[in-house]
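Here is the structure we will look at, set down as structure tokens.
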Amino acid sequence: MSADHPPGLDPDRLRALLDRERPGLVSGPLTGRLIEGGRSNLTYAVSDGTSKWVVRRPPLGHVLATAHDMRREHRVISALHPTDVPVPRPVLLCEDEEVLGAPFYVMEYVEGTPYRTADQLAPLGAERTRDAVLSLVDTLVELHAVDPGEVGLADFGRPEGFLDRQLRRWGKQLDASRNRDLAGIDELHAALGRSLPASPAPTVVHGDYRLDNVLIGTDDRIEAILDWEMSTLGDPLTDLGLLVMYSQPLGMADSPVSTTAEAPGHPAPRELIERYAARSGRDVSDVNWYTAFAWFKLAVILEGIHYRYTLGQTVGRGFDRIGDLVPVFINHGLTTLQEG
């Protein structure tokens with residue numbers, strides 16, 4: 001494996017395709033490096049020495065086609081690019097598996113920083129941190145203001161019964177990774193099911209909206225929202241609930257799951273909720289349900305990671321401590337729901 005040829009990316013084949021489909025775009029030999037890998041889609045930065053692009057493809061050896069649907073991701077950013085929602089400019093979708101061994105798409109490279117931890121935010125200082133997080137809310141309002149029909153996304157999901165399906169889906173995910181007793185998780189799941197709110201009109205939902213899935217530019221503006229693999233049409237308040245959840249301190253030192261809530265200047269959840277309500281005009285009185293659902297969903301995801309760790313299927317730093325986090329998320333979910 002050469003330095004310019006990470007696994008899953010063949011720069012020469014990619015260039016041949018781009019020369020054929022987008023003549024004149026590339027002006028020299030391509031080199032590529034992996035930006036982000038793992039269970040999620042693989043992301044590469046590719047350059048011809050003057051311009052840069054990004055390639056997204058499913059993980060190597062992927063089997064679940066629906067979980068890594070390149071067409072969906074490419075479709076949503078193509079639909080949103082002409083709107084006020086900041087997304088990278090799409091270049092090309094390739095569903096021919098002969099080129100890279102899987103479907104993939106190419107988009108422009110956007111300069112910016114994904115802030116993952118409070119420590120990374122700290123050098124910005126309190127005021128800039130506050131502005132960055134508030135702009136996260138404002139950008140979410142922009143996304144939820146897009147009329148799906150007007151941008152060709154009327155059939156992008158099935159919003160009818162969305163919350164009920166989501167709850168059932170994550171309940172099944174939980175059952176698939178059960179190998180220990182988790183106090184309170186069934187109680188949380190049942191309580192969420194008993195108090196299902198009535199959803200507002202459906203919008204494009206990102207599905208994993210948080211600070212480290214956006215790129216923040218040097219002027220502290222959001223340059224692009226990334227990672228659209230969970231996007232669909234559904235209840236916009238699920239995005240808000242997740243954002244609120246990630247804005248609450250976990251109260252666990254050196255947690256293997258990062259939230260940016262402890263950064264100086266980070267706005268409190270209440271302020272984020274009120275700003276979203278004021279700017280979107282939506283009723284957010286059920287926000288505690290959506291936040292509790294986010295705690296539940298993350299508890300299930302973390303339990304799945306812990307389950308794979310106990311089977312010896314995951315290696316790396318911090319995985320041994322993921323299991324300890326799950327009860328913390330369950331308790332937060334139960335408390336949030338009771339407050340609601």
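Please read all numbers here as calculations on a predicted model, not as lab measurements. When reading the values below, keep in mind they use all heavy atoms of this one structure, side chains included, and skip hydrogens, waters and symmetry mates.
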Do you know the tightest heavy-atom contact between [X] and [Y]?
{"X": "Gly149", "Y": "Asp147", "answer": "N-OD1, 2.8 Å"}
{"X": "Cys94", "Y": "Val99", "answer": "SG-CG2, 3.8 Å"}
{"X": "Leu215", "Y": "Val110", "answer": "CD1-O, 3.4 Å"}
{"X": "Arg72", "Y": "Ser231", "answer": "NH2-O, 2.8 Å"}
{"X": "Gly184", "Y": "Ile330", "answer": "C-CG2, 3.6 Å"}

* Asked: To the nearest 0.5 Å, what is the distance between CZ (Arg56) and CZ (Phe104)?
  ->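 So the gap between those two atoms works out to 14.0 Å.
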* How many angstroms lie between atom CD1 of Ile225 and atom CD1 of Ile77, to the nearest 0.5 angstrom? -> 11.5 Å
Is a donor on one side and an acceptor on the other found under 3.5 Å between the side chain of [X] and the backbone of [Y]?
{"X": "Arg210", "Y": "Arg116", "result": "no"}
{"X": "Arg89", "Y": "Met107", "result": "no"}
{"X": "Asp208", "Y": "Trp228", "result": "no"}
{"X": "Arg75", "Y": "Gly152", "result": "yes"}
{"X": "Thr139", "Y": "Leu136", "result": "no"}
{"X": "Arg57", "Y": "Leu100", "result": "yes"}
{"X": "Ser177", "Y": "Gln173", "result": "yes"}
{"X": "Arg275", "Y": "Arg270", "result": "no"}

* To do: Report yes if the distance between the aromatic ring centroids of Phe329 and Trp295 is under 6.0 Å, otherwise no.
  => yes
* Aromatic rings Tyr276 and His144: how do their planes relate, parallel, tilted or perpendicular, breaks at 30° and 60°? -> perpendicular
* Asked: Parallel, tilted or perpendicular: which describes the rings of His206 and Tyr209, with under 30° parallel and over 60° perpendicular?
  -> perpendicular
Between [X] and [Y] (salt bridge meaning N to carboxylate O under 4.0 Å), is one present in this structure?
{"X": "Asp219", "Y": "Arg128", "value": "no"}
{"X": "Arg13", "Y": "Glu98", "value": "no"}
{"X": "Glu271", "Y": "Arg130", "value": "yes"}
{"X": "Arg71", "Y": "Glu95", "value": "yes"}
{"X": "Asp186", "Y": "Arg178", "value": "yes"}

* Side chains of Thr50 and Asp48: is there a donor and an acceptor less than 3.5 Å apart? -> yes
